[in-house]
Each structure stands twice: as C-alpha cells, then as structure tokens.
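One-based numbering along the sequence shown. Every value quoted in this text rests on a predicted model; they were computed, and no experiment measured them.
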Amino acid sequence: MTSRSVMWMDVAQASLCSCRMFHQNFQRTNKSDFPPLMTRRKLNSKEKKKHSHQHLQPQFRSQSQHLCSPLRLRCCAPGASVTCDKQSVRFHSLIVLEWDKLCNLVASFASTSLGRQATLSQLWTLDNSYDDSLMLLQETNAALQLRSHGGCRLDFSGLDLVLVESAIQHARRSLPISGAEAMAVGALLDSALCLQLNLKSAIKEDADWYRRFLPLSPVIMAMVINGSLVKMIQQVVDEDGSVKDSASSALKRSRGQVRMLEEKLHRLMDVLVRNQTTDTSLLEASSIDGRWCLKSGPGQLVTVKGLLLSRESGRGSIIEPLSAVPLNDELQQARLSVAKAEVDVLSMLTEKVRVDLDDIEKVLKNVIQLDVINARASYSHSFGGSCPVLYPPEEMDESVASCSYLLEKNTSNCKKREWILYMPEAHHPLLLQQHKQLLQETKKASRYASIRKVQRDSVSQKGEARVIDSSMQGQPPPVPVDFFIEKRTRVLVITGPNTGGKTICLKTVGLAAMMAKSGLHILSSESVQIPWFDSIFANIGEEQSLSESLSTFSGRLKQISEIRSASTTQSLVLLDEVGAGTNPLEGAALGMAMLESLANYGALLTLATTHHGELKSLKYSNDAFENASMEFDEENLKPTYKILWGVPGRSNAINISEKLGLPSTIVTETRQLIGASNEEINEVIVGMEHAKHDFRELLSEGKHHIMLSRNMHKHLFMARSRIMEHATRQRYSKVQEITEAAASARSVLRKKVREFQASATQPATAKKRVLVASDKQRITSEDQKLHASNEGLSPSKPLKQLPSSERIGLPEVGELVHVSSLGRKASVVKVDTGKEEIVVQAGNLKLKLKLGDIQS
C-alpha cells in the first residue's frame, strides 16, 4: 500500500466516527423532496399518524417498507446501524442524481392511481438482485412486444382501482358494496377478460406469440374471471353507479310509487302557487329535506294552511301545506322502500362478489403489476430507449450465459466483452424530457400565434409568429455522450472546463445504471452493455452543514468517507470535483489517495471529475486508471459537451485570455511563470486532441461509407431479385408459346394423317398405294419427331399399321396401352367406339390415335 493510500485510509477512519450523518446530509435539501418524518422537530402521536398517512408523498409512502426504517436512524437497533448508514448513503446518492424526478416521470405513464404508486414503489426498491433486474427487463421487453402487436394493449385508463380496492375491503367485512364500486369491479373484470381473449386470439394466429410475450403471458392467462358476474353487474348497475329499475321487482315498484307521489305533489303545489300568486306576492315550490313546501318572499302574507317550518327576517318563510303532509309522508316511506330495495340488490351483488373475492383480488394485483410494466414500456417507447445487456460483474471477463433472458436482438452482444461499460450516444433522461417538453410548449405557442395572426392580420402579430417559429427552430437537442470504458479500467478521471458537461456525464452514467437495474430501457442509440451494480453512490454538489460546523470541504470529505465504507466490489461510485475546496497541493494529494484506494480496494467502477492536473498522471503509473476530457471549442470559446477518450484535459485559461484581448505582455509573463515544460505538455495534449478529432472524422466517414455500401448491397440484391423474376416470366412465356405452336402443328398433322388413311382404304392402283404409303410414312415420321422434341424424347419407331391379326379390341378408360409413336405407355382418357379412335395422355401430352396405333 502506498503512502497516499495510507493517508487516505486514516482520513476515512477518522471520518467514520460520526453517527449523525443522515440529518446532517439532508438538512440542506429542499424539504418538499422528503417526507415530513425527516424534520428535526419531534412529533406527537397524532402528528406522526397524520404525517405517515396523509402528508407522505406517494413515492415514499409506497416504499415505506423499504426505506422507513433506514430513515429513522435513531430508532434503529444498535446492531443495524451499519445497514441504516448504508441505506441512507444510497438514498442520498439517488436524490443527488435526481432519481426521484425520473421516477415521477416514469410513474406518470401508468394508467391508474394505484399503478402510479406501485411504479414508484418498484423503482425505489434498492435491493433488487441481478435475477430480479433481468426479470424486470424481460417484462419491459414483453410489454413492448404487446404494444407492437396492437391487439393486446395494456391500457387500463378507464379503470378506478381505488374503488375496486374499497369494494374488496367492504366485501371482506360483509358490508354491502356501493353501485360505483360494483361498476368498478365489473369494469376491471371485463377489461381483464378482453385482454385475455385478445391474447388467446393472438396465440391462435401464431403460437410463437406466447413465447414473445413471456413473462406476461402467464400473468394474463392466470387471471380467473367469472363472466357471469360481469354480466350480472352490467344488468343490475347502470354506468353512473345507480341500481337499475330492472334489478328487482320491489325496486321497480317502489320507484314507480315515488314517481307517482312526486307527480301528485307537483300538481298540488302548482295549484296552491297559482291560487296564491298575485301582482304583489309570489310563492315558490321547493323540496326541503325531501318534503315539498312553499317558500314566500319577505313580508308576504300567505293564506295557505300549513306547518310553518321556518321564518327569517328579510328572507321570508317556509310552509308545508296541510294537504301536502300525507303525500310527503308517503313519499318518504316510498323513498325508504327504494333505499331498502337498492340495499337488497347490492347485498345480493356483494354475496356474489364474495364468492369470487380471492380471484378478484388476484386480478386486481395482476392488473396493477401489468400497469407498472406498461408504464416502464411506455416510457421507453416514448423516449426511444434501447434494452441494455446487463451482466453480473463477476462474469465481466467471459461470455455471459444469462443473455438468454433478453430478446434475440440483443444476444449478438453476448460475446467476450472488451468493455466494462459500453454506452454509445447516451442521453441524460431528464435533459431529454425537458427538451421534449420545451418543443411541445413552443409548438403550442406557435399554433396560438398562428391563430392570432389569422384573427388579426397585423404586422405586429406576423412578427410575433416569426419570432416564435425562429425560437422553435433554435432549440438544439441535448448533446449525447459516449462512454467506452475498457474492462481493465477501475477509475476514470474526467477533466475539462467549468460548464463543460462533466457533472452531466456523471449523472448520465449513474441514472443509466439505476435504470438498467430497475427494468428501464436506457436512452442510447444502440443496446448498452453495462454491469449490474449492487449500489450507486454519488458525491455531487456542496455538502456544507452549519449546524455541524462542517465546511464545504469537510462535508464532502465526510460524505466520500461514508461512500468508501459502504461501497463494495460491485458498486458504482461517482465523485464530482475530487480534492476541491482546499489548498490545491493538498487537495490533489488527497484526491490521488482517494482514487488509488477506490481502485485497489473499493468499487467496481469509479468515475471522478477534477481540475487538478496531478490526477491525470495516475494513468501512467496504474493500469486501472483511464483519462478523459471534455472538448472545448477555442474558436467559439464554448464547450462542445463531447468526451475525448484517452486524452487528459489541458488548461485553456491563457489561450482564452489572449483571444479575449488581454495585453500580450501579461500573457507572455504568465507563460514564463508557468514554464516551458507546461507549454510542451499542452502542445502534446493539443496534438492528441487533433489526432482524436481526425480519428473521429475518419470513423464517421467510415460509418458513412459502410452505410452507403449497405444501401448499395440492398439495391443490388433487389435488382438481382427483379432480374431473376423477369427471367422466370420470360421462360414461362416462351414455354407457353412453344406449347401452343406444338399443339397447333399436331392438330394439322393429325388431320393430314386422317386424310391419307381415308384415301388408303379406297381401291387404287399399286403405284398409287405405294405413293400414299410413302407419304403416310413421311408424315408419321414428322409427327414422331415433333412429339420427341416437345417431350424431350428421341423419335421411336415410325408409325405403322398393325396387321389385322395383331389388332386388339377397344381398351377401357384408364387402361394403360403402349403407344408405338411415343415408345412409351399412356393412359386411355376417352374411347370413340364409332370411329375406333381413342384419346391417350402421356404426361402433359394428349394424343388422338387409331386403334392400330396402340399395342396392349
């Protein structure tokens, strides 16, 4: 162990003495980000109950089983203090990384309120194992597959799961559920049944969909849904939650009686009002606590006999007419009958629900689980995330068999890894969300300005629209960052100017690691290769504590000490501005000792930013270190937010001062004070930066040519396919023409043969017979040659007339006969007994022959 490491270990041990770290670390953070139970004032029992159930934010309320015990450090058992400290450091690190904001963003994609709470609870679970993370990623991938299918969307936006939960609680206590709760239960079961049927239909079309939807397929198919209960709820309860008249005969009769009594009271009140209305008086009929009464104006004398219910000075009086009292009494009784009939119907529904209560509760849990998974998938789809290849740190140097858990498209990355972290063009999720929101607001403002421009065609409005359009076009997207960290690297030192993007890089890596661990896709141009980290620790920003008399330097050193003690060989550590806040020489030495200790005995991977040039030299004495710097555009005097790998950062202060017009004498003297060696180092770094820049340009050009080559190969392949298709069509056309010509020629030849055969049967001279026989033989030979060329066969024996002794009888249809002209057997298709002709078929060729042309 080096002297610097010993010094760092002494500092770490001294810093671990404090046991009040939680309240000290969180005092400076906005209290609205934390539950009220973190306040320093002691709360009484009523306040504790109120705070724990009402004022606790949803994300913390839902994760109370994971975080409440670590947060209340003073209530921890003595043996659990180490666990409490580690949980507190992890929690604080996630708050520093703004993980809470990202969780709220992802939860907003859930369709239901319980789904949003469950999403926050799942994302704030800090103890996921490697297998848990793989399962979460597989669930997200399956939800995206469901979305791409289109017929099995996980949309539960029309469900009120809070009412379903209330209905389950009432049914368990044998209390009648309300109509709204019954409708919520029916809607839940109906939505689950539709999802199940859609999945079954998709699997019926293609059985491979079941595998693609894993592990969601078993969750959907495992839901037991009573279809008759759904139909009963729909028949009994209306959409607004009221019980239908058709639910029971008693209810229908009671409601009819209520309507009849109300009509009688309306007619009675109408008569009383008309009789009492004069030019100076006005009566009004109204229902007071369910009883119909008359209201008079102030100072108005009413002659109607009745019961005076109230009289106020300046507001008139309320009288229930005596003639309306019995009708009001009957109306009250009828309404009580209606209420009793509704309760009876709902009690009957409650009993039906209680029979399937366990199944309904399981459906509710599965729907909440699917809503959480769909929220992660919807976030990934909305922001264009890619599924990471997550692997355990202990398998970093070999192929990972666990890649089979992921989609097939990612299995190509399961080769022997060259990188411990591979993140091409990764975006900070919150910056990308802000940019997207800004674009939406700008488009909305532009549309509003366009409407105003149409309404008021004035110069000022036109100018306003042009300004908004230009502002919309002038919003560049966030610059993505590349992270390619080799597997031998344990500490990455990033240098660069202020506001150059160093801190954003740290947060991007930290959030990406937490996203992969929580089942979220990472916002990167392609699949990310990232190890599974058991914990992500971050020290970013000031850690000043006035109550503990800690300066910025002391507070940060204490926080780093706690991170060092809580980290393991599977942790990710992010340190911003290492060694800052004190004497530069001592700060650099302390920073070197810290990083060497983390490299040798600490986390799996440490990313640190610094302004101390001495930390750049660690790479040349320890292979576990790597340098990187943030690029700076000296021409425009602004950062580019791009990382230069393997290139240490250099100071740009003198060059910037010179370009900003600082007197040359001061610049020259400054360079002399720094020394020539520093200038030589800067020149070497400049050369490395130029080399990196040239390499990037060549790499970009190479990618461009590769893309052009792929496009050319694609076009050539398409052209080749078109040429082959054209050749096939041409061959088919030529064969068609040849077949038609052959058929026509055969028809002509057969006609000539029949003519010669007919002339041969007539008496003639011997000479004429010889000529006819020779012509017949010549024509028959030509026919044979034509048949042979069409069928690819050589000509056989010439056609000849068999002697009468060798002639056979007429064959039957389907019988095989030997055709002499073809030299092969053919099947009899048709027999003409009158002409003693038959039609035979040999392959695709049909021939009409005489009986003498065949042999048995």
Look at the side chain of [X] and the backbone N and O of [Y], then say whether any donor-acceptor pair between them is shorter than 3.5 Å.
{"X": "Ser121", "Y": "Gln117", "answer": "no"}
{"X": "Ser386", "Y": "Glu526", "answer": "yes"}
{"X": "Asn104", "Y": "Asp100", "answer": "yes"}
{"X": "Ser93", "Y": "Val89", "answer": "yes"}
{"X": "Ser201", "Y": "Asn198", "answer": "no"}
{"X": "Asn374", "Y": "Leu370", "answer": "no"}
{"X": "Glu320", "Y": "Leu309", "answer": "no"}
{"X": "Gln234", "Y": "Lys231", "answer": "no"}
{"X": "Asn141", "Y": "Leu137", "answer": "yes"}
{"X": "Ser108", "Y": "Leu105", "answer": "yes"}

May I ask you to decide whether [X] forms a salt bridge with [Y], counting only side-chain N to carboxylate O separations under 4.0 Å?
{"X": "Asp358", "Y": "Lys362", "value": "no"}
{"X": "Lys352", "Y": "Asp356", "value": "no"}
{"X": "Glu441", "Y": "Lys436", "value": "no"}
{"X": "Lys244", "Y": "Glu342", "value": "no"}
{"X": "Arg267", "Y": "Asp270", "value": "no"}
{"X": "Glu98", "Y": "Lys101", "value": "yes"}

Rounded to the nearest 0.5 Å, how far does [atom2] of [Y] lie from [atom1] of [X]?
{"X": "Met183", "Y": "Asp160", "atom1": "CE", "atom2": "CG", "answer": "11.5 Å"}
{"X": "His428", "Y": "Leu102", "atom1": "NE2", "atom2": "CG", "answer": "8.5 Å"}
{"X": "Cys103", "Y": "Leu94", "atom1": "SG", "atom2": "CG", "answer": "8.0 Å"}
{"X": "Asp155", "Y": "Leu195", "atom1": "CG", "atom2": "CG", "answer": "10.5 Å"}
{"X": "Leu327", "Y": "Leu265", "atom1": "CG", "atom2": "CG", "answer": "4.5 Å"}
{"X": "Ile360", "Y": "Asn226", "atom1": "CD1", "atom2": "CG", "answer": "8.0 Å"}

From His381, His521, Arg376, residue fulfilling side chain to side chain donor-acceptor pair (under 3.5 Å) relative to Thr140:
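For Thr140, the side chain to side chain donor-acceptor pair (under 3.5 Å) check succeeds only for Arg376.
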
Check this for me: Asp240, atom CG, are more than 12 non-hydrogen atoms of other residues, nucleotides or ligands nearer than 6.0 Å?
yes

Evaluation steps, side-chain contact (heavy atoms from CB on, under 4.5 Å), between Leu154 and Asp371
CA-CA 7 Å; Leu154 301 176; Asp371 196 17; over 6 Å; no

With a cut-off of under 6.0 Å to the ring centre and 45° to the axis, is Lys517 in cation-pi contact with Phe533?
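No - Lys517 does not lie over the ring of Phe533 by the 6.0 Å and 45° rule.
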
Counting C-beta onward and ignoring hydrogens, is there a side-chain heavy-atom pair between [X] and [Y] closer than 4.5 Å?
{"X": "Lys264", "Y": "Glu330", "value": "no"}
{"X": "Trp99", "Y": "Ser518", "value": "yes"}
{"X": "Pro321", "Y": "Met269", "value": "yes"}
{"X": "Pro215", "Y": "Met135", "value": "yes"}
{"X": "Asp127", "Y": "Gln87", "value": "yes"}
{"X": "Ser535", "Y": "Thr568", "value": "no"}
{"X": "Met221", "Y": "Lys200", "value": "yes"}
{"X": "Leu114", "Y": "Glu165", "value": "yes"}

Between [X] and [Y]: side-chain donor-acceptor atoms closer than 3.5 Å:
{"X": "Ser248", "Y": "Asp344", "value": "no"}
{"X": "Ser129", "Y": "Asp132", "value": "yes"}
{"X": "Ser347", "Y": "Thr350", "value": "no"}

Which atom pair, heavy atoms only, marks the closest approach of [X] to [Y]?
{"X": "Ala334", "Y": "Leu261", "answer": "CB-CD1, 4.1 Å"}
{"X": "Leu159", "Y": "Thr112", "answer": "O-CG2, 4.1 Å"}
{"X": "Thr119", "Y": "Ala107", "answer": "CG2-CA, 3.8 Å"}
{"X": "Ile233", "Y": "Ala182", "answer": "CG2-O, 3.3 Å"}
{"X": "Ser378", "Y": "Arg147", "answer": "OG-NH2, 2.8 Å"}
{"X": "Ala247", "Y": "Val236", "answer": "CB-CG1, 3.8 Å"}

Chi angles and distances behind the side-chain contact (heavy atoms from CB on, under 4.5 Å) call for Arg90, Ile536
CA-CA 7 Å; Arg90 292 168 68 185; Ile536 292 94; over 6 Å; no

Please determine which of Arg253, Arg259, Lys252 meets the side-chain contact (heavy atoms from CB on, under 4.5 Å) test together with Arg255.
Arg259

Would you call the rings of Trp124 and Phe91 parallel, tilted or perpendicular, taking 30° and 60° as the class edges?
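The arrangement is tilted - the two ring planes meet at 30° to 60°.
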
Steps toward side-chain contact (heavy atoms from CB on, under 4.5 Å) verdict (Trp292, Leu331)
CA-CA 10 Å; Trp292 284 94; Leu331 180 61; 4.1 Å; yes

Hey, mind stepping through Ser571 and Asp534 against side chain to side chain donor-acceptor pair (under 3.5 Å) and telling me if it holds?
CA-CA 6 Å; Ser571 300; Asp534 61 354; 2.9 Å; yes

Verify side-chain contact (heavy atoms from CB on, under 4.5 Å) between Met515 and Tyr379, making sure each step is shown before the conclusion.
CA-CA 11 Å; Met515 290 169 72; Tyr379 168 79; 3.9 Å; yes

